[in-house]
Amino acid sequence: MKKELLHIYDRLYRYFGPQHWWPAESEFEVVVGAILTQSVSWKNVETAIQNLKKEGILTIQGIADVDKGRLAELIKSTLYYNQKAEKLKRFCNHLKENYGCNIFKLFNKEMYDLRAELLSIKGIGKETADSIILYAAKKPIFVVDAYTRRIFHRLGYFREDEDYQSMQDFFMGNLPPDVDMFNEYHALIVAEGKDFCTSRKPKCNACPLSDICKYWRK
DNA sequence: GCCCAGGGGGCTC
DNA sequence: GAGCCCCATGGG
């Protein structure tokens, strides 16, 4: 199993090349992006991040202090903007109240303590928490998402409705805990999902995994 | 006009 | 624990 997973990783890496995730200028910007990208394409997030930078409030203090309606306006491109404005404020207030706005004090925690604390903040679920842990805190947790489920279901590893935790356990139980590899693997899965393993009409003939995919047997 | 994109929470049973 | 609904932009 380990060899199979590493083989798939190698295939994707050779095809797509390094993905350079997470595109952000700071650890805090990763967190903001992780919340804003919930159920929306990254393009929409970039617009919002630029707005926050222009406004000069892409800081913990800045978001904690800005008017909630104003914040919602600035991130309007990211869908569910009212809820996301609340989420950003909740996270920043948590950092302000417990860590004096120093995100690294939070990130210094042991990985699973950090995960539990992130999950306790309303608006941060498993995928968002794990993205923060891997891409901002740089600890070796495997991020799972809808693409992961779809691709590995079609490859024959998961059921169509496989739950998050069992998918994460599967990867973490069969791969060495390597931050750089986990970083690339998740990003490569997203690239594969976007370009080939799409939900409606998968482009199987061009897919770098088609010859080992159960879904493509015609 | 439709569908879906780098989800999460809340509610019911 | 599963099954539903809500949130509410932008690109193809």
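The sequence lines fix the lettering, A, B, ..., with proteins before strands; numbering per chain opens at 1. Below, each value reflects all heavy atoms present in this structure, side chains not excepted, and no hydrogens, waters or symmetry copies.
In this structure, a donor-acceptor pair under 3.5 Å is absent between the side chains of A:Gln168 and A:Lys126. Remark: the A:Ser166 side chain and the A:Asp169 side chain contain no N/O donor-acceptor pair separated by less than 3.5 Å. Checking A:His186 against A:Gln19 by side-chain atom types alone, no donor-acceptor pair falls below 3.5 Å. In this structure, a donor-acceptor pair under 3.5 Å is absent between the side chains of A:Glu192 and A:Tyr15. In summary, the side chains of A:Gln83 and A:Glu86 do not present any donor paired with an acceptor at a separation below 3.5 Å, with no hydrogens or angles considered. With hydrogens and angles left out, the side-chain atoms of A:Tyr164 and A:Asp145 include no donor and acceptor closer than 3.5 Å.
Note: A:Tyr99 OH to A:Phe107 CZ = 10.5 Å, rounded to the nearest 0.5 Å.
Heavy-atom distances under 4.0 Å link DNA chain C to no residue of residues 147-178 of chain A. Within residues 16-25 of chain A, the residues approached by DNA chain B to less than 4.0 Å at the level of any non-hydrogen atom are A:Trp21, A:Trp22, in residue-number order.
The interatomic distance linking A:Asp195 (CG) with B:dA5 (P) rounds to 13 Å, in whole Å. Rounded to an integer number of Å, the gap from A:Asp130 CG to B:dG6 C1' is 13 Å. In this entry the distance linking CD of A:Glu127 with C1' of B:dG8 reads 10 Å, nearest Å.
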Checklist entry - After noting the C-alpha distance and the side-chain angles of A:Trp42 and A:Trp22, does the key distance pass the ring pair (Phe, Tyr, Trp, His ring centres under 6.0 Å) rule? => result CA-CA 11 Å; A:Trp42 184 252; A:Trp22 187 288; 5.6 Å; yes

Next on the checklist: Please evaluate residues A:Val32 and A:Leu52 with respect to the criterion side-chain contact (heavy atoms from CB on, under 4.5 Å), reporting the C-alpha separation (whole Å), side-chain torsions for both, the decisive distance (0.1 Å), and the verdict.
Outcome noted: CA-CA 10 Å; A:Val32 172; A:Leu52 294 174; 4.0 Å; yes

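Between A:Tyr185 and A:Tyr9, the ring planes are tilted. Angles from 30° to 60° get that label. Classification of the A:Phe158-A:Phe171 ring pair by plane angle, with boundaries at 30° and 60°, yields perpendicular.
For the P atoms, the distance from C:dC6 to B:dG6 is 24 Å, rounded to whole Å. Comparing the P positions of B:dG8 and C:dG10 gives an interatomic distance of 22 Å, to the nearest angstrom.
At least one donor-acceptor pair under 3.5 Å links the side chain of A:Asn93 to the backbone N or O of A:Lys89. Looking at A:Gln50, its side chain never comes within 3.5 Å of a backbone N or O of A:Thr47 through a donor-acceptor pair.
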Are any protein N/O atoms closer than 3.5 Å to N/O atoms in nucleotides 1-3 of chain B? If there are, list each pair with its distance.
residue, atom, partner, partner atom, Å
B:dC3, O3', A:Arg200, NH1, 3.3

Check nucleotides 9-13 of chain B for protein N or O atoms closer than 3.5 Å to its own N or O atoms and list the pairs.
residue, atom, partner, partner atom, Å
B:dG9, OP1, A:Gly123, N, 2.9
B:dG10, OP1, A:Lys122, NZ, 3.2

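The shortest side-chain heavy-atom distance between A:Tyr215 and A:Cys204 falls under the 4.5 Å cut-off.
In terms of heavy atoms, A:Val143 sits closest to A:Glu127 at CG1-CG, 4.1 Å.
Using a cut-off of 4.0 Å between Lys/Arg side-chain N and Asp/Glu carboxylate O, A:Lys53 and A:Glu29 are scored as salt-bridged. A salt bridge links A:Glu73 to A:Arg70: one of the charged nitrogens lies within less than 4.0 Å of a carboxylate oxygen.
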Item to check | Secondary-structure string, 5' to 3', Watson-Crick or G-U under 3.5 Å, | for another-strand partners, for DNA chain B | outcome: .||||.|||||||

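In summary, the aromatic rings of A:Tyr135 and A:Phe182 are positioned with their centroids too far apart to meet the 6.0 Å limit.
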Checklist outcome for this item: Going 5' to 3' through nucleotides 5-12 of chain C and flagging B where a protein heavy-atom sits under 4.0 Å of the base, S where only the sugar-phosphate is that close, and - otherwise, we get --BBBS--

